[in-house]
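The structure appears below as structure tokens.
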Number of protein chains: 2
Amino acid sequence: MSIDPVLFAKALADDTRQEIMKHLCCVWLSVNDVVERLGGRINQPTVSHHLKKLEEANLVLVRQEGRNRFYTLNQQQLTACCGRLIHAFAPDLAPKVILPDDIETRRSE
Amino acid sequence: MSIDPVLFAKALADDTRQEIMKHLCCVWLSVNDVVERLGGRINQPTVSHHLKKLEEANLVLVRQEGRNRFYTLNQQQLTACCGRLIHAFAPDLAPKVILPDDIETRRSE
DNA sequence: TTGACATATTGACAATTATCGATACAATCA
DNA sequence: TGATTGTATCGATAATTGTCAATATGTCAA
């Protein structure tokens with residue numbers, strides 16, 4: 001349940017996607033909820049496309065309910081990926097970084 | 001001396017760039033050193049292009065010496081950006097994350 | 001000054017990807 | 001059943017970006 005650091009970065013490397021992520025933080029939203037919160041600037045198929053990207057990076061949790069699909073940010077995965085980046089690219093600082101016990105910073109795969 | 005999270009993610013969102021970053025970790029290398037370590041798969045202009053991207057994201061430190069330019073990873077910046085991502089997108093876990101004192105996780109600018 | 005070397009820049013091209021409209025699919029409701 | 005609603009998928013297009021060859025720029029040495 002781990003992920004390639006490049007795939008992680010690519011998932012974050014878009015303005016619209018980071019805006020969607022802000023809206024999905026600590027909240028479960030349906031696809032249309034997200035479309036609404038974006039103020040109609042982005043169409044539903046595009047939002048679906050972005051959610052798929054986030055799902056592929058395991059950055060969202062998904063719950064199907066009837067004909068609705070609810071999404072929320074996967075905070076564990078985001079924290080783990082950041083931890084992994086620090087371990088890979090900031091090894092001098094990594095020993096001073098403390099993450100929650102249940103966050104695995106090494107590739108588990 | 002802070003940076004937009006999207007620009008940070010974009011800087012990391014490429015295989016070649018992350019490979020370059022690995023080589024620049026804890027070591028000062030000239031542009032040609034980097035080209036060499038990539039095994040000749042990537043040409044010098046392309047490497048220069050990637051280094052520029054990393055420099056724009058403040059992810060490398062640069063030292064000019066004669067006709068050589070030496071680069072190394074900016075571990076502080078990388079750690080700070082990761083901290084900022086966690087604060088933005090994993091607020092429930094962020095309180096349990098401890099970073100070195102000199103790392104600023106809030107946008108200073 | 002001339003030549004050699006290290007790096008950056010430019011222009012072109014190919015690959016990736018964000019976006020949209022149209023449509024398909026699935027679940028609910030009348 | 002048929003109509004409606006929520007979401008995903010498809011095909012097309014435009015924008016972004018990674019890559020290269022060629023060249024420019026800047027620095028050092030003879």
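Chain naming here is simple, since letters A, B, ... match the order of the sequence lines and numbering starts at 1 in each. Keep in mind it's a predicted model, so treat the numbers as computed, not measured.
- B:R69 has no side-chain polar atom (N or O) that falls below the 4.0 Å cut-off from OP1 or OP2 of C:dA6.
- A:K10 has a side-chain polar atom (N or O) that falls below the 4.0 Å cut-off from OP1 or OP2 of C:dT17.
- Each of A:A13 and B:E55 has a nearest nucleotide on DNA chain C; the 5'-most of these lies closest to B:E55.
- Closest contact between the side chain of B:N43 and the listed nucleotides D:dG18, D:dC20, C:dT19 involves D:dC20.
- Atom NZ of B:K53 and atom C1' of D:dT16 are 8 Å apart (whole Å).
- For B:K52 and C:dT9, the shortest distance from a side-chain N or O to OP1 or OP2 is below 4.0 Å.
- As judged by a 4.0 angstrom heavy-atom cut-off over every strand, B:H49 is placed among the base-contacting residues.
- Between the C1' atom of C:dA6 and the CG atom of B:N68 lies a distance of 6 Å, rounded to the nearest Å.
- Checking the phosphate oxygens (OP1, OP2) of D:dT17, no side-chain nitrogen or oxygen of B:H50 falls inside 4.0 Å.
- Between A:T16 and C:dT19 there is a side-chain polar atom (N or O) within less than 4.0 angstrom of OP1 or OP2.
- A donor-acceptor pair shorter than 3.5 Å cannot be found between the side chains of A:T46 and A:N43.
- Residue A:S48 places at least one side-chain N or O closer than 4.0 Å to OP1 or OP2 of D:dA8.
- Of the candidate nucleotides C:dA8, D:dT9, C:dT7, C:dA8 has the atom lying nearest to any side-chain atom of B:Y71.
- What separates CZ of A:F70 from P of D:dT5 is a distance of 17 Å, to the nearest Å.
- In the hydrophobic cluster analysis, where Ile, Leu, Val, Met, Phe, Trp and Tyr join through side-chain heavy atoms closer than 4.5 angstrom, B:V6 is grouped apart from A:V34.
- Distance, A:E56 CD to D:dA8 C1': 13 Å, rounded to whole Å.
- Distances from the side chain of A:V31 to the nucleotides C:dT7, D:dC20, D:dA8 place D:dA8 closest.
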Please report the C-alpha distance between B:L24 and B:V60 in whole Å, then the side-chain angles of each, then the deciding distance to 0.1 Å, and finally whether the side chain to side chain contact (heavy atoms under 4.5 Å, CB included) criterion is met.
CA-CA 8 Å; B:L24 290 180; B:V60 287; 4.0 Å; yes

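- In this structure, NZ on A:K96 lies 11.0 Å from OG1 on B:T79, to the nearest 0.5 angstrom.
- In this structure, B:L51 atom CG and C:dA8 atom P are separated by 7 Å, rounded to whole Å.
- The side chain of A:P45 has C:dA22 as its nearest neighbour among C:dA6, D:dC20, C:dA22.
- Taking the side chain of B:Q44 as heavy atoms from C-beta on, and the options C:dT7, C:dT19, D:dC20, the nearest nucleotide is C:dT7.
- Separation of atoms SG (A:C81) and CG (A:L12) is listed at 8.5 Å; rounding is to 0.5 Å.
- Phosphate contact (OP1/OP2 of C:dC20, side-chain N/O of A:T46, threshold under 4.0 Å): present.
- One interatomic measurement links the two molecules: CD of A:Q64 to P of D:dG6, which rounds to 13 Å at whole-angstrom precision.
- Using modelled atom types, one finds no donor on one side chain facing an acceptor on the other under 3.5 Å when comparing A:H23 with A:R37.
- Atom CD1 in A:I42 sits roughly 18 Å away from atom P in D:dA14 (whole-Å rounding).
- Side-chain proximity of B:N32 to the nucleotides C:dT19, C:dA6, D:dT7 is greatest for C:dA6.
- C:dT7 atom C1' lies 15 Å from atom CD of B:E65, rounded to whole Å.
- OP1 and OP2 of C:dT19 both lie 4.0 Å or more from every side-chain N or O belonging to A:R41.
- For B:R67, the listed nucleotide lying nearest its side chain is D:dC28; candidates were D:dC28, C:dG21, C:dT9.
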